[in-house]
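Accompanying notes for the structure given below.
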Amino acid sequence: MNLRIFIVSFFLLISGIGFAQVKFVAEVSKNKLGMNERLRVDFEMNQDGDNFKAPSFIGFTVVGGPNQAVSNSWINGKRTYSKTYSYFLAPTSRGKFTIGQAEITIDGTTYKTSPVQVEVTAAVDKPTDGNNSDFVASENLHLVAEISNSNPYLNEAITVVYKLYVSPRVSVSNWRELDNPVYSDFWSQNIDIRQLKIENGAYQGEPYRFVILRKTILYPQKTGELDIEPLTLSVAVDVPSNRRDIFGGRLYETIDKTVAAGKRTINVKPLPEANKPAGFTGAVGKFDFKVIPGKTELAATESLTVKVEVSGKGNLKLFELPKLQVPASLEKYEPERSENVRTDLNGTQGSVTDNFTIVPTQKGKFPIPGLSFSYFDLDSKSYKTITSGEILLDVSAAPAGSSMASGGSVTGVKQPVGIVENQFKYIKLNPGLHPVGSGSFFGGWSFWALYLSPFLLVVLGILLGKKRTELANDVAGNRIKRANRLARKYLSEAKKNLGDQTAFYIALERALHNYLKAKLHIQTTDMSKEKIISLLEEAKVDKPAIMEFMSLLKSCEFARYTPSSSDTMREEYEKAVITISALDKQL
């Protein structure tokens with residue numbers, strides 16, 4: 001008996017040791033690859049460990065990773081665990097290389113993988129990378145910020161064009177902005193892109209398709225090194241997989257990839273101090289300057305307009321125009337600014353005008369001095385000054401009957417006011433009034449209305465009380481009505497808050513939650529994603545409608561951490577209206 005127990009215990013011990021055996025191995029996606037291919041290396045263990053150390057990867061450059069994946073499952077009471085560290089490598093030269101040993105510490109014991117031999121050959125015609133879709137998306141999707149001039153002068157226009165390059169090996173189904181760049185120390189203006197256009201081009205010598213997402217004109221306002229923050233996008237990339245459908249077509253896997261244009265540094269040069277005019281106000285570009293009077297001959301008390309205009313190409317909105325100086329006998333009013341400016345990739349072009357209104361107060365000839373306008377010419381790298389000619393106004397005597405005498409003083413003669421006959425002829429002499437009736441109050445309709453009104457009010461109060469009691473007892477109905485009202489309320493609030501990201505998505509999320517409370521009779525605390533999907537499926541709602549609704553909830557969650565444009569919010573609102581309408585037809 002004791003011998004039998006000993007044998008059973010021995011075999012149980014051996015089995016336990018077998019089950020507890022640690023597995024730590026290195027696996028590569030291929031043992032032979034070309035110079036233009038990528039190698040994936042996985043270090044996999046069946047127990048959790050600490051102090052993981054990767055090898056040095058001699059002959060390769062790490063282009064991705066380490067990515068960590070953990071799998072923990074129970075099947076028929078048996079636990080299966082695996083933890084993997086993945087690296088993506090690009091070869092640096094041809095030859096045979098050894099992937100060295102990786103180390104991990106499990107329960108105080110250090111384990112090492114076996115070395116793996118890999119051969120790198122010349123570039124192949126059709127490179128095939130590892131089976132990591134995220135890595136494939138990274139290699140075939142690039143966001144680039146193209147700067148027209150990285151060493152401009154102060155207030156010289158530069159353009160930033162953001163291009164999204166997509167390789168023919170993948171496709172893009174959707175994208176949205178995660179982080180908009182803030183152009184500190186720049187005056188900026190975006191150029192509207194009415195429609196995105198797909199164009200063919202090249203990226204690092206390879207054929208790519210690209211689309212221009214944004215164009216911005218920048219005018220640096222400081223000298224020295226200025227940083228342009230990166231634009232960050234979340235892009236849905238369709239990556240081909242190794243699976244095929246029943247017709248032999250390749251199946252695609254959608255990857256949400258985050259790409260950034262990268263921070264760019266601009267070195268801004270100061271404008272030269274040598275020969276800088278005294279009246280220089282910061283104009284940089286190529287300009288023309290004119291002072292144009294509306295007329296030069298007029299009578300006293302008449303007005304004329306003098307236009308001070310700068311036209312051309314440059315920072316038209318970033319400098320002051322010269323101020324018109326007039327003699328004391330001319331009244332000058334504050335100018336009215338008018339701008340006729342357009343902005344494109346060539347910079348800001350057009351004209352800026354100050355319109356001065358001038359009124360002479362007496363007869364005579366009055367000169368208006370000429371004005372000077374200075375700017376820095378980018379073509380010649382020098383300052384230019386344009387001077388207008390003198391304007392001579394010939395003012396004649398004030399017209400007869402005006403408040404100005406020939407000498408310009410105001411006459412003190414008071415004009416008598418004539419009395420117009422029949423000035424009250426439009427007042428009605430017969431208003432059509434009627435005397436108050438002298439009939440008896442008793443027996444009339446007013447008497448019976450006042451007499452019966454108390455009884456009618458008592459009956460109406462009883463009926464209203466019963467109805468109110470019924471409504472109060474209908475707890476579920478009240479909850480549904482209240483949720484419906486709140487859903488309509490918050491959906492309308494979401495529409496009002498278009499443009500205010502925080503308020504909009506809070507109102508939209510509340511509207512969606514209250515709609516579910518009304519239709520599915522659940523509380524807010526039960527609104528997990530799995531619960532919502534389960535209840536909608538039980539209610540026979542089709543899958544596209546469910547996915548649209550869950551997509552709206554997901555957008556509300558993402559909006560807490562990522563910025564959204566006004567166009568995106570408007571699309572989300574319209575999508576919510578359509579989705580709720582679709583659910584109403586099925587619930």
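If you read the sequence from its start, that first residue is 1, and numbering goes on from there. Quick note: numbers below take in every heavy atom, side chains included, and nothing from hydrogens, waters or symmetry partners. Just so it is clear, the model here is predicted, and its values are computed rather than measured.
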Item to check | Check against side-chain contact (heavy atoms from CB on, under 4.5 Å), Ile191 and Thr216 | outcome: CA-CA 6 Å; Ile191 301 175; Thr216 305; over 6 Å; no
Item to check | Flag side-chain contact, heavy atom, 4.5 Å: Leu330 against Val359 | outcome: no
Checklist entry - Can you find a heavy atom in the side chain of Ile212 that is under 4.5 Å from one in the side chain of Tyr162? => result no
Checklist entry - side-chain contact (heavy atoms from CB on, under 4.5 Å) with Glu548: which residues, sequence neighbours excluded? => result Lys575, Thr579
Next on the checklist: Is it the case that the side chains of Thr385 and Ser374 hold a donor-acceptor pair, with the cut-off being a distance below 3.5 Å and no angle test?
Outcome noted: yes
Item to check | Lys332 versus Leu324, closest heavy-atom pair with distance | outcome: NZ-O, 2.6 Å
Next on the checklist: What's the separation between atom CG in Asn315 and atom CG in Asn155, rounded to the nearest 0.5 Å?
Outcome noted: 4.5 Å
Item to check | Glu146 atom CD, neighbour heavy-atom count above 12 within 6.0 Å | outcome: yes
Checklist outcome for this item: Separation between CG (Leu164) and CH2 (Trp175), nearest 0.5 Å, reads 8.5 Å
Next on the checklist: Any heavy-atom pair between the side chains of Leu213 and Lys163 that's under 4.5 Å?
Outcome noted: no
Item to check | Flag for Ser329-Gln362: side-chain donor and acceptor within less than 3.5 Å | outcome: yes
Next on the checklist: For Gln349 versus Leu316, what's the shortest heavy-atom pair and its separation?
Outcome noted: C-CD1, 3.7 Å
Checklist entry - Is the closest side-chain donor-acceptor distance between Asn200 and Arg209 under 3.5 Å? => result no
Next on the checklist: Using a strict threshold of under 4.0 Å (side-chain N to carboxylate O), is an ion pair present between Glu229 and Arg264?
Outcome noted: no
Item to check | Smallest separation among heavy atoms of Pro360 and Ile358, with atom names | outcome: CD-O, 4.0 Å
Item to check | Ser311 versus Asp288, side-chain donor and acceptor atoms under 3.5 Å | outcome: no
Checklist entry - When the ring centroid of Phe319 is compared with that of Phe376, is the distance short of 6.0 Å? => result no
Checklist entry - Partners of Tyr219 by ring pair (Phe, Tyr, Trp, His ring centres under 6.0 Å), sequence neighbours excluded? => result Trp187
Checklist entry - Are Asn340 and Ser351 linked by a side-chain donor-acceptor pair shorter than 3.5 Å? => result no
Checklist entry - Has Lys269 got its NZ or CZ under 6.0 Å from the middle of the six-membered ring of Tyr153, at an angle within 45 degrees of the ring axis? => result yes
Checklist entry - How far apart are the C-alpha atoms of Thr254 and Val237, what are their side-chain angles, what is the distance that settles it, and do they pass the side-chain contact (heavy atoms from CB on, under 4.5 Å) test? => result CA-CA 5 Å; Thr254 302; Val237 187; over 6 Å; no
Next on the checklist: Before you tell me yes or no, could you show the steps for Leu378 and Val284 under side-chain contact (heavy atoms from CB on, under 4.5 Å), namely the whole-Å CA-CA distance, both residues' side-chain angles and the distance that decides it to 0.1 Å?
Outcome noted: CA-CA 7 Å; Leu378 292 171; Val284 177; 3.7 Å; yes
Checklist entry - Do Glu339 and Arg337 have side-chain heavy atoms sitting under 4.5 Å apart? => result yes
Item to check | Contact summary for Pro220 and Leu226, nearest pair of heavy atoms | outcome: CB-CD1, 4.1 Å
Checklist entry - Taking atom CD of Glu297 and atom CG of Asp394, what is their separation to the nearest 0.5 Å? => result 5.5 Å
Next on the checklist: Taking the ring of His142 and the ring of Tyr208, is the distance between their centroids below 6.0 Å?
Outcome noted: yes
Next on the checklist: Tell me which one of Val259, Leu233, Thr258 satisfies side chain to side chain contact (heavy atoms under 4.5 Å, CB included) with Leu178.
Outcome noted: Thr258
Checklist entry - After noting the C-alpha distance and the side-chain angles of Ser372 and Thr387, does the key distance pass the side-chain hydrogen bond (donor to acceptor under 3.5 Å, both in side chains) rule? => result CA-CA 4 Å; Ser372 295; Thr387 302; 3.1 Å; yes
Item to check | Heavy-atom check, side chain of Leu392 versus side chain of Thr296, under 4.5 Å | outcome: no
Item to check | Side-chain donor/acceptor of Lys317 to backbone N/O of Thr348, under 3.5 Å | outcome: no
Next on the checklist: So, taking the atom named CG in Asp185 and the one named NZ in Lys222, what distance separates them when rounded to the nearest 0.5 Å?
Outcome noted: 4.0 Å
Checklist entry - In Å and rounded to the nearest 0.5 Å, what is the CG to CZ distance from Leu196 to Arg214? => result 12.0 Å
Checklist entry - Under the 3.5 angstrom rule, does the side chain of Ser148 hit a backbone N or O of Thr159 as a donor-acceptor pair? => result yes
Checklist entry - What are the two closest non-hydrogen atoms of Gly314 and Phe287, and how far apart are they? => result CA-CZ, 3.7 Å
Item to check | Note, Val160 side chain near Leu218 side chain (heavy atom, < 4.5 Å) | outcome: yes
Item to check | Side-chain donor/acceptor of Asp192 to backbone N/O of Arg194, under 3.5 Å | outcome: no
Item to check | Validation row: Val291, Glu309 side chains within 4.5 angstrom (heavy atoms) | outcome: no
Next on the checklist: I'd like to check Ile228 versus Phe186 (side-chain heavy atoms, cut-off strictly below 4.5 Å). Are they in contact?
Outcome noted: yes
Checklist outcome for this item: Of all heavy-atom pairs linking Asn355 and Thr305, the shortest is CB-CG2, 4.0 Å
Checklist entry - For the atom pair OH (Tyr375) and CG (Asp377), what is the distance rounded to the nearest 0.5 Å? => result 5.0 Å
Checklist entry - Mind checking whether Tyr383 and Phe280 have parallel, tilted or perpendicular rings, split at 30° and 60°? => result perpendicular
Checklist entry - Is there a side-chain contact (heavy atoms from CB on, under 4.5 Å) between Leu393 and Leu304 once you walk through the steps? => result CA-CA 10 Å; Leu393 297 184; Leu304 78 150; 3.8 Å; yes
